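Notes follow the structure.
Computation of the quantities below employed the complete heavy-atom set of this structure, encompassing side-chain atoms and omitting hydrogens, waters and symmetry-equivalent molecules. A note on names: the letters A, B, ... follow the listed sequences, proteins ahead of strands, and every chain is numbered from 1. If you're wondering where the values come from, they're calculated on a predicted model, not measured in any experiment.
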There are 2 protein chains.
Amino acid sequence: MARRQGSHGDITGPRVRAAALRLFARHGYAAVSMRQIAAEVGLQAGALYLYTPDKQSLLADLMVGHLDHLLAARAALPPLGGPAERLDQFARFHVNYHLDRPEAVFIAYMELRNLEPANFARVEALRRAYEEGVAQILRDGQAAGVFAPCDVRLASYALIAMLTGVTNWYREGGRLSRDQVAADHAALALRAVGAAPLSPAPAAG
Amino acid sequence: MARRQGSHGDITGPRVRAAALRLFARHGYAAVSMRQIAAEVGLQAGALYLYTPDKQSLLADLMVGHLDHLLAARAALPPLGGPAERLDQFARFHVNYHLDRPEAVFIAYMELRNLEPANFARVEALRRAYEEGVAQILRDGQAAGVFAPCDVRLASYALIAMLTGVTNWYREGGRLSRDQVAADHAALALRAVGAAPLSPAPAAG
DNA sequence: GTCTATACGATGATAGAC
DNA sequence: GTCTATCATCGTATAGAC
């Protein structure tokens with residue numbers, strides 16, 4: 001291994017990715033220039049190419065990194081027994097995770113079409129693995145008779161879309177607390193598949 | 001009124017908008033050039049400016065036009081009495097409408113950040129009016145005691161997000177028919193707010 | 001109504017000085 | 001490791017011929 005002397009790469013690299021994340025989320029991949037990213041970090045445009053082979057790799061790394069982290073975070077949840085408990089747990093996890101990382105989430109959903117085919121395939125595989133986790137909960141719940149029969153794949157997509165939608169409107173410090181929002185979404189998800197919410201329903205509004 | 005002689009504007013204008021719709025949906029507003037749009041219609045880049053003042057107006061017109069049409073289509077639905085019937089009708093309408101116009105829908109959801117403030121405000125007002133229609137159904141249902149109490153605005157956003165999510169994965173000619181998909185989503189929506197689906201539940205899958 | 005030609009700046013990426 | 005300078009290309013939009 002070559003020894004790096006006096007390198008700032010270990011710190012500048014992450015700063016480049018963080019700047020790209022912020023700018024891509026705000027303006028879109030296609031609308032952001034390498035010069036803007038460089039300016040955000042305090043570099044010249046040319047220096048960026050020490051940290052990424054090109055703009056496309058920057059996007060792909062952000063998306064793959066996000067999905068890797070998302071899958072790892074879900075895998076680290078405490079194991080629960082019943083399907084209803086697991087769906088409740090998943091819904092709260094998904095909402096909270098997404099509200100914690102609005103920029104990474106936004107990019108992961110909006111910039112798929114800007115991925116080159118090879119990168120798209122990697123990302124799609126990760127997205128599919130995430131969706132499969134929900135599908136498995138639904139299958140188990142139907143087998144146990146606690147969820148209403150319905151097409152599992154359709155329902156998985158629908159639930160994920162519903163839970164992800166929270167990022168479109170939720171603003172920190174608004175009328176609803178984050179826990180309230182997560183709990184409400186968990187209740188909607190459980191009822192949608194025919195199970196009763198685990199905690200008491202919130203007041204109407 | 002000035003009289004136009006030998007003008008092709010009446011036919012070329014719509015073709016320009018159609019080409020822009022297709023390209024914006026496929027590659028994103030920022031990634032599409034005026035040259036590409038012109039090539040798609042068979043014009044030179046400069047000639048586009050006979051049909052739109054600039055690229056931004058092209059986007060704004062597409063989005064406002066889409067939302068105007070969406071609101072008009074919903075307003076034209078046959079009036080129904082009960083909240084459950086109205087939510088079922090809305091869910092099927094929303095799914096079918098969105099599956100009919102995937103490109104316009106995609107743009108309306110993805111390109112909001114590329115609208116200049118004045119255009120954004122126009123579009124937001126229309127989106128808000130659409131969401132308010134759902135909120136009213138939920139309020140009526142809660143008042144009638146047929147829907148579970150829950151935050152109406154949160155639930156409206158969640159339901160619309162769920163129903164719109166169908167555009168992310170549904171492909172014509174796939175495993176599920178369009179009517180099946182619309183019916184399943186209507187069932188999920190009704191159950192989510194605590195009401196029983198109106199038609200028999202489909203088989204598990 | 002459409003064309004060609006063009007203004008003028010920004011783009012992603014590279015080469016080589018320091 | 002970062003800079004400056006540069007390349008070839010592309011971007012939106014306009015002017016003026018036909």
Quiz item: Is the distance between the ring centroids of A:His94 and A:Tyr130 under 6.0 Å?
Solution: yes
Practice problem: Only counting residues at least two apart or in another chain, list the ones meeting salt bridge (Lys or Arg N to Asp or Glu O under 4.0 Å) with A:Arg74. | Solution: none
Quiz item: Taking atom P of D:dG11 as reference, at what distance in whole Å does atom CG of B:Asp54 sit?
Solution: 17 Å
Quiz item: Base, sugar-phosphate, or nothing for B:Leu48, non-hydrogen atoms under 4.0 angstrom?
Solution: nothing
Quiz prompt | Interatomic distance where CG belongs to B:Leu50 and P belongs to D:dT12 [whole Å] | solution = 17 Å
Quiz item: Which is true for A:Val41 with a 4.0 Å heavy-atom rule: it touches a base, it touches only sugar-phosphate, or it touches nothing?
Solution: nothing
Quiz item: Is NZ or CZ of B:Arg101 both nearer than 6.0 Å to the six-membered ring centre of B:Tyr97 and within 45° of the ring axis?
Solution: yes
Quiz item: A:Lys55 has a side chain; which of C:dG12, C:dT11, D:dT14 sits nearest to it?
Solution: C:dG12
Exercise. Starting from P on C:dA15, measure out to OH on A:Tyr49 and report it in whole angstrom.
Key: 13 Å
Quiz item: Given atom CG of A:Leu43 and atom C1' of C:dA13, what is their separation to the nearest angstrom?
Solution: 16 Å
Self-check item: Cation-pi check, B:Arg127 onto B:Tyr109 ring (under 6.0 Å, within 45° of axis)
Solution: yes
Exercise. Identify which nucleotide among D:dT4, D:dT12, C:dA13 has an atom closest to any side-chain atom of A:Gln44, counting heavy atoms from C-beta outward.
Key: D:dT4
Quiz item: When the distance from CE of A:Met34 to P of C:dA13 is rounded to whole Å, what number comes out?
Solution: 6 Å
Exercise. State which of D:dT12, D:dC3, C:dC3 makes the closest approach to the side chain of B:Arg35.
Key: D:dT12
Quiz item: A:Ala47 or A:Ala31: which one's nearest nucleotide on DNA chain C is closer to the 5' end?
Solution: A:Ala31
Exercise. Determine: side-chain N/O of B:Ser33 to OP1/OP2 of D:dC10, distance under 4.0 Å, yes or no.
Key: no
Practice problem: By nearest nucleotide on DNA chain D, pick out whichever of A:Gly46 and B:Ala45 is the more 5' one. | Solution: A:Gly46
Practice problem: Output yes when B:Glu132 and B:Arg153 qualify as a salt bridge under the 4.0 Å nitrogen-oxygen rule, no when they do not. | Solution: yes
Exercise. Provide, to the nearest angstrom, the distance between the CD atom belonging to B:Gln36 and the P atom belonging to D:dG11.
Key: 6 Å
